[in-house]
Amino acid sequence: MTAEETIFSKIIRQEIPATLLYQDDLVTAFRDIQPKAPTHILIVPNKLIPTVNQVTSDDELAMGRLFTVARKLAEQEGIAEDGYRLIVNCNRHGGQEVYHLHMHLLGGEPLGGLLPQA
Ligand code: 5GP
């Protein structure tokens, strides 16, 4: 797979608007444009990694940072105690739409079962 830039690279470089919540040398976090829960944040490595299938050991620091930033943002959003869900979709069967790896942080209400009921 060729690593083609997505809209997320432009958000990371702040070339197009997004509600940015956090940015450092490794990751950027911003609100999802179509929230599926009261809190719906995307946490994205600054480096373009299309899917989990392209993650290498060189990316371990950035992948760990996704979790520490998720924890901080969950606290900041006031959802840490009630709980939340972290999701990383991969490819077609995972329902991935944007091919720049990202972690969804969802919370603010009971989220129901893990998968949509058929
Ligand atoms: P995926 O299905 O790939 O795991 O999730 C992609 C997410 O990116 C979706 O929840 C979608 O609403 C969000 N999204 C797509 N385009 C944009 C955008 O331009 N800005 C923001 N903030 N979110 C986006």
Side-chain angles (χ1 to χ4, degrees):
M1 179 193 286
T2 33
E4 282 181 31
E5 279 203 356
T6 73
I7 196 98
F8 288 179
S9 291
K10 293 190 170 67
I11 291 174
I12 291 162
R13 293 196 297 264
Q14 300 186 35
E15 291 170 4
I16 62 161
T19 309
L20 233 64
L21 300 175
Y22 180 88
Q23 187 163 53
D24 65 21
D25 56 324
L26 291 176
V27 306
T28 299
F30 50 92
R31 291 200 192 278
D32 196 289
I33 204 166
Q34 284 190 296
K36 314 288 189 305
T39 289
H40 188 174
I41 296 168
L42 301 173
I43 311 165
V44 178
N46 295 338
K47 174 184 166 189
L48 171 50
I49 304 167
T51 82
V52 175
N53 290 340
Q54 285 78 43
V55 171
T56 72
S57 54
D58 289 347
D59 302 317
E60 284 173 2
L61 194 58
M63 295 300 100
R65 189 70 59 84
L66 297 180
F67 278 90
T68 50
V69 170
R71 187 212 8 111
K72 284 180 199 152
L73 289 173
E75 283 167 13
Q76 199 173 295
E77 294 282 306
I79 61 172
E81 198 177 325
D82 283 338
Y84 50 90
R85 184 170 294 160
L86 302 174
I87 298 174
V88 180
N89 294 321
C90 181
N91 276 345
R92 237 165 2 102
H93 282 193
Q96 185 172 3
E97 290 173 359
V98 178
Y99 281 80
H100 184 138
L101 189 153
H102 50 280
M103 174 185 277
H104 297 256
L105 164 60
L106 293 146
E109 66 185 10
L111 297 171
L114 181 59
L115 297 173
Q117 300 308 303

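First listed ligand is number 1; within each ligand, the first listed atom is number 1.
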Mode of Ile11 contact toward ligand 1 - side chain, backbone, both, neither (heavy atoms, under 4.0 Å): side chain
Check Ile87 against ligand 1 and report side chain, backbone, both or neither, counting heavy atoms closer than 4.0 Å. neither
For Gln96 and Pro50, indicate whether the former's side chain and the latter's backbone hold a donor-acceptor pair under 3.5 Å. yes
Distance (rounded to the nearest 0.5 Å) between Leu73 CG and Ile79 CD1: 9.0 Å
Hey, are the side chains of His40 and Leu42 touching, using non-hydrogen atoms and a 4.5 Å cut-off? yes
Is it the case that over 12 heavy atoms from other parts of the model lie below 6.0 angstrom from the CD atom of Glu81? no
Pick one: which of Asp59, Leu66, Leu26, Ile12 meets side-chain contact (heavy atoms from CB on, under 4.5 Å) with Pro45? Leu66
Do Arg65 and Asp25 have side-chain heavy atoms sitting under 4.5 Å apart? yes
Students should be able to answer this: which protein heavy-atom is nearest to atom 7 (C) of ligand 1, and at what distance? Asp32 OD2, 3.4 Å
Using the side-chain contact (heavy atoms from CB on, under 4.5 Å) rule, pick out the option among Leu101, Asn89, Asn91 that qualifies with Thr51. Asn91
Would you mind checking which non-hydrogen protein atom is closest to atom 22 (N) of ligand 1, with the distance to 0.1 Å? Arg31 O, 2.9 Å
Give the atom numbers and elements of ligand 1 that come within less than 4.0 Å of a heavy atom of His104. 1 (P), 4 (O), 5 (O), 7 (C), 10 (O)
Using a 4.0 Å cutoff against the non-hydrogen atoms of Gln34, which atoms of ligand 1 qualify? 12 (O)
Closer than 4.0 angstrom: is that true for some heavy atom of Phe8 and an atom of ligand 1? yes
In the protein, which heavy atom is nearest to atom 15 (C) of ligand 1, and how far is it? Val98 CG2, 4.0 Å
Under a 4.5 Å cut-off applied to non-hydrogen side-chain atoms, are Ile41 and Thr19 in contact? no
Ile43 side chain near Tyr22 side chain, heavy-atom distance below 4.5 Å: no
Are more than 12 heavy atoms, taken from residues, nucleotides or ligands other than Lys10, located less than 6.0 Å from that residue's NZ atom? no
Has ligand 1 got any nitrogen or oxygen that is less than 3.5 angstrom from a nitrogen or oxygen of His40? no
Among all protein heavy atoms, pick the one closest to atom 3 (O) of ligand 1 and tell me residue, atom and distance. Glu97 N, 2.6 Å
Using a plain distance cutoff, I'd like to know if Gln96 has any nitrogen or oxygen under 3.5 Å from a nitrogen or oxygen of ligand 1. no
Please say whether Ala18 places an N or O atom under 3.5 Å from an N or O atom belonging to ligand 1. no
Do His104 and His102 have their ring centres less than 6.0 Å from each other? yes
Selection from Pro17, Pro35, Gly95 by shortest heavy-atom distance to atom 2 (O) of ligand 1: Gly95
Checking heavy atoms under 4.0 Å, the part of Ile33 that sits near ligand 1 is both
Identity and separation of the nearest protein heavy atom to atom 5 (O) of ligand 1: His102 NE2, 3.1 Å
How does Lys36 reach ligand 1, by side chain, by backbone, by both or by neither, if only non-hydrogen atoms under 4.0 Å count? side chain
Nearest protein heavy-atom contact for atom 19 (O) of ligand 1: which residue, which atom, what distance? Ile7 CG1, 3.7 Å
Interfacing atoms of ligand 1 (cut-off 4.0 Å, heavy-atom, Phe30): 22 (N)
